[in-house]
Each structure stands twice: as C-alpha cells, then as structure tokens.
Amino acid sequence: MKTYLVTGGAGFIGSNFILYMMKKYKKDIRIINVDILTYAGNLENLKSVEAMDNYKFMKVDICDKEAVLNIFNTYDIDRVIHFAAESHVDRSIRNPEVFVNTNVLGTLNLLNAAKLSWETEDGYLPDKKYIQVSTDEVYGALEGEEGFFYETTPLDPHSPYSASKASADLLVKSYVDTYHFPANITRCSNNYGPYQFPEKLIPLMINNALNGKKLPVYGTGMNVRDWLYVDDHCEAIYLVAEKGRIGEVYNIGGHNEKKNIEIVTMIIDTLLEMLPKEDSRRELISHDLITYVEDRKGHDFRYAIAPDKIKEELGWEPVTPFSQGIKLTIAWYLENMDWMERVTKGEYQNYYKTMYSI
Ligand code: NAD
Ligand code: TDX
C-alpha cells in the first residue's frame with residue numbers, strides 16, 4: 001500500500017482527486033490530506049471519505065517548515081501530489097503577495113522536506129515521487145487561432161498567478177537538475193466539474209444564472225480556454241505519479257477549445273434544457289443576462305494544450321466529451337444548491353462586490 005501526501009485536498013481538484021482515488025484505487029493507497037482551509041478549501045467535499053481508515057486530514061500550512069517536516073518524519077510518504085495553491089488569476093492581480101508565499105515558498109518548503117526525508121547516502125529511497133501540479137498558464141498565451149503549447153514551449157507567464165506557478169515549476173526543475181530529485185511536473189488546461197468554487201467561470205455563471213443575476217463576460221468574450229473534465233485530470237495525475245519518467249514534464253489537455261462566450265451560452269441553454277418545466281427559476285434565465293464587462297488586465301487570449309506526450313508514453317487521453325461533462329457538472333450544482341449557498345456566504349459577497357460592479 002502506497003501513502004499519498006495530497007496537499008490542497010480540500011480544494012476543487014484536490015477533493016475530486018481524493019474522491020476519485022478512494023473510489024478507484026482504495027485498496028492500494030492511503031491518503032494524507034494537508035490543507036490550511038483558505039476560502040477555497042472545504043472539508044464538506046470530503047464527507048464521504050472522512051471516516052475511512054486509509055484517509056487522514058491534517059490542517060497544516062505548507063509554508064510551515066516544522067509541521068511539514070513532521071509529517072514526513074511521522075509517515076512513510078511514497079508520493080506527494082502538490083495541489084495546494086492560491087489559484088485564481090483575478091485575485092492575484094489584486095493581491096500578488098499571498099501567491100508568492102503559498103505557490104513559491106510553500107513549494108520550496110515541500111521540496112525541502114521531501115528531499116530531506118527521501119535522501120540516502122547514494123541517492124533516494126526507492127520508488128518515491130513528487131508531483132508538481134502546474135498549469136498551462138505558465139506558457140503565456142497563444143495569440144491567434146492556431147498552435148498549441150508543448151512541453152518544450154518556453155515559459156512566458158503574464159499574470160502574478162502564472163508567474164508564481166512558473167517560479168514554482170523552475171524550483172522543481174532545479175531540484176531535478178541539481179539533486180536528481182524524483183519529480184514530475186504536470187501542466188493542465190482549465191478544469192471543470194463538481195466542487196469548483198464559484199469565482200471561476202463555469203460555476204460563477206451557473207450560480208448567477210440560477211439566481212437571475214447578470215453574467216459578467218470579460219472583454220469581447222472571444223478568449224479561448226481548453227476545458228478538461230476534472231476526473232480525466234485525476235486519472236492523468238495518477239498515471240504520471242505511478243508511471244511518468246522521472247524528471248519529465250507532462251501536459252494534460254482536454255482537446256476542447258471553446259470561446260468564453262460559447263461556454264456562457266451553453267450554460268444558459270443546458271440549464272433551460274435540464275430544469276424541469278415547473279421550476280420557477282426557468283423564468284429568470286435568459287441570454288439577456290449576458291453582460292460584457294471591463295476586460296481582465298493582461299487577459300491571455302488563448303490556451304491550448306497538445307497532450308501528445310502523455311498519450312504516447314502513458315496511454316492517457318481525455319474520455320469525457322464537453323457535452324457530457326457540462327451536463328454532469330450542471331446536474332451536480334443543481335443537486336447541491338445548499339453547498340453553493342454555504343460557500344457564497346460571507347467572504348464571497350465582499351469579493352463579488354469589489355470584483356464586479358454590475
Ligand atoms: P483551489 O483554489 O480550489 O484549491 C486550493 C486548495 O489549496 C484549497 O483547499 C486551499 O485551502 C489550499 N491551500 C491554499 N494555501 C494553502 C497553504 N498555504 N497550505 C495548505 N493548503 C493551502 O485550487 P484548484 O482549482 O483545485 O487547483 C489545484 C491546483 O491545480 C493548483 O495548484 C492550481 O494552480 C492547479 N491548476 C488548476 C487548474 C484549474 O482549472 N482549476 C488548472 C491548472 C492548474
Ligand atoms: O466572471 C468571469 N468572466 C469571464 O469572462 C470570470 C471569472 C472569468 N471570465 C473569463 C476569463 C478567462 O478567459 O473566463 C475565462 C476563464 O476564467 P477563470 O475561470 O478565472 O480561469 P483562468 O483564468 O483561465 O484560469 C484557470 O485555468 C488555469 C484556473 O483558475 C487556474 O488556476 C488554472 O491554472
């Protein structure tokens with residue numbers, strides 16, 4: 001049985017990863033979930049696994065040297081899956097500092113603890129691996145309709161968020177190059193699915209539409225993102241953790257480029273298709289809610305991943321078509337409106353007021 005240390009396991013992708021692993025691979029693994037529970041962390045997501053013998057939660061800041069080292073000294077960690085981060089571009093534009101602390105210094109702290117704990121006189125303990133969960137945003141932006149990001153594309157981040165993620169990636173690379181540290185970096189495109197915090201495009205639009213609120217589209221709505229269903233991402237991470245060649249970078253993408261305005265339109269249409277005829281919320285939802293607002297500063301035009309390497313080496317491909325994934329996602333939000341109500345209380349209301357003036 002392998003022990004996985006999952007950081008940021010109470011966030012969107014982290015909690016989906018834990019739920020996915022506990023369902024698919026539960027006999028083979030033990031998971032230790034380390035999360036400080038910022039506004040984006042929610043233990044409610046993990047209710048179905050919290051009583052399991054092979055799951056443990058620890059409220060720890062990844063920047064806390066002593067606490068992180070203590071985890072490595074107490075448990076025989078085989079895999080680190082490092083999700084914990086400040087993850088929202090708009091917040092990074094308003095307050096970059098916490099992004100550097102968590103994303104850069106937190107990563108450095110985790111690397112040091114893993115290295116210290118796994119090091120032997122002539123290398124590292126066998127079969128240990130650290131996975132840095134990074135993003136396609138470190139490559140910058142594709143300016144036209146053509147072309148893809150490859151693992152060899154030079155890093156060219158634009159936002160404070162992507163700059164902090166690129167810095168963390170370079171630290172991981174430096175540990176591989178300098179100390180032969182056993183690590184991989186994964187760079188994925190935009191994830192969507194259940195439990196995503198409604199500051200991100202898809203859940204924000206679902207929530208606003210269901211409440212008859214305006215749907216704020218930045219700029220022209222023509223910016224393109226490559227959407228990946230979160231479970232497909234989880235399987236890719238597992239494959240990289242178990243089979244990826246040490247030191248390699250793997251891009252993970254959905255083969256699913258969409259303009260933002262297409263996403264918003266699809267959400268409106270899918271909600272109207274899925275809500276029962278007698279549901280009074282149908283009257284609130286229409287294309288008239290779409291409101292073009294001031295563009296994001298430094299807004300990257302287009303992201304598109306070529307996931308050829310992970311397909312060739314590890315046999316991974318995304319299996320959830322967007323038409324199916326968006327229905328699964330909307331169905332989850334419709335069944336979990338109480339989750340949405342709880343996470344949009346308090347801090348979220350202040351954030352929304354400062355971020356959107358509509
Ligand atoms: P999220 O914001 O939903 O969750 C982040 C989690 O990290 C939260 O649970 C939070 O409490 C925790 N955290 C933050 N600071 C911490 C600290 N100092 N110590 C311990 N825990 C801390 O993020 P997400 O969308 O699930 O993204 C997870 C990872 O995947 C991030 O590294 C992000 O950069 C990367 N990523 C996300 C996407 C996406 O579309 N969401 C795409 C590419 C890459
Ligand atoms: O209200 C909005 N209106 C709007 O037009 C919001 C929240 C977003 N947008 C646009 C901006 C982007 O072009 O939608 C697109 C997607 O925005 P986000 O959901 O904020 O995602 P993005 O900025 O692309 O970054 C995401 O993918 C890469 C994640 O948040 C990152 O953590 C990940 O690294």
Side-chain angles (χ1 to χ4, degrees), residues 12 39-40 42 88-91 93 145 189-230 254 256-297 299-304 320-358:
F12 161 51
Y39 76 92
N42 188 349
H88 192 37
V89 173
D90 293 322
R91 289 187 194 249
I93 294 167
E145 306 286 329
S189 58
N190 287 57
N191 282 221
Y192 70 103
Y195 304 107
Q196 188 166 29
F197 193 76
E199 64 189 352
K200 307 282 164 61
L201 181 73
I202 289 183
L204 187 140
M205 295 297 162
I206 297 173
N207 186 41
N208 280 19
L210 284 168
N211 288 291
K213 285 173 71 178
K214 290 181 177 166
L215 306 177
V217 175
Y218 299 164
T220 59
M222 299 308 271
N223 298 61
V224 174
R225 296 293 181 265
D226 170 5
W227 294 94
L228 173 67
Y229 192 63
V230 65
N256 181 46
E257 287 180 53
K258 296 255 181 288
K259 295 183 177 75
N260 292 338
I261 191 64
E262 288 179 78
I263 297 284
V264 177
T265 305
M266 267 183 97
I267 289 172
I268 297 168
D269 294 342
T270 313
L271 276 169
L272 289 172
E273 191 188 310
M274 289 177 76
L275 282 171
K277 288 254 165 336
E278 62 282 6
D279 195 311
S280 60
R281 288 173 296 181
R282 293 175 67 89
E283 285 162 31
L284 303 173
I285 302 169
S286 87
H287 290 261
D288 295 341
L289 293 176
I290 294 174
T291 308
Y292 290 93
V293 298
E294 190 187 334
D295 209 354
R296 174 184 278 174
K297 288 186 174 64
H299 197 175
D300 287 338
F301 176 63
R302 174 173 164 256
Y303 302 145
T320 314
F322 191 71
S323 54
Q324 183 193 349
I326 195 70
K327 281 193 181 138
L328 290 172
T329 304
I330 290 179
W332 186 85
Y333 282 101
L334 288 175
E335 279 159 24
N336 292 277
M337 286 309 290
D338 50 343
W339 180 95
M340 187 64 102
E341 269 162 39
R342 281 194 286 277
V343 304
T344 51
K345 275 192 193 138
E347 195 270 350
Y348 183 80
Q349 293 302 327
N350 299 333
Y351 167 77
Y352 200 91
K353 272 190 214 125
T354 27
M355 184 65 212
Y356 301 96
S357 52
I358 56 169

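If you read the sequence from its start, that first residue is 1, and numbering goes on from there. Keep in mind that this is a model prediction, so the values were computed, not measured.
Between Asn260 and Tyr218, every side-chain heavy-atom pair lies at or beyond the 4.5 Å cut-off. Two residues are said to be in side-chain contact when any heavy atoms from C-beta on lie closer than 4.5 Å; Met205 and Ile263 fail this criterion. For the pair Asp269 and His287, the minimum side-chain heavy-atom distance is below 4.5 Å. Using a 4.5 Å heavy-atom threshold, the side chains of Met266 and Lys258 count as touching.
Looking at Tyr333, Phe197, Phe12, Phe322 one by one, the single match for ring pair (Phe, Tyr, Trp, His ring centres under 6.0 Å) with Tyr192 turns out to be Phe322. Here the rule is side chain to side chain contact (heavy atoms under 4.5 Å, CB included) with Arg281, and of Leu334, Leu271, Leu272 only Leu334 fits it.
The local environment of CD in Glu283 is sparse, with at most 12 non-hydrogen atoms from other residues, nucleotides or ligands closer than 6.0 Å.
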(request) Given side-chain hydrogen bond (donor to acceptor under 3.5 Å, both in side chains), test Tyr348 with Asn207 step by step and report yes or no. (result) CA-CA 13 Å; Tyr348 183 80; Asn207 186 41; 4.7 Å; no
side-chain contact (heavy atoms from CB on, under 4.5 Å) between Ile202 and Trp227, intermediate numbers included: CA-CA 10 Å; Ile202 289 183; Trp227 294 94; 3.9 Å; yes
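Residue Pro198 comes nearest to Thr344 through the heavy atom pair CG-CG2, 3.6 Å, listed as atom of the first residue, atom of the second, then distance.
When only modelled atom types and interatomic distance are considered, His88 and Tyr351 share a side-chain donor-acceptor pair under 3.5 Å. Side chains of Tyr356 and Asn208: no donor on one and acceptor on the other come within 3.5 Å.
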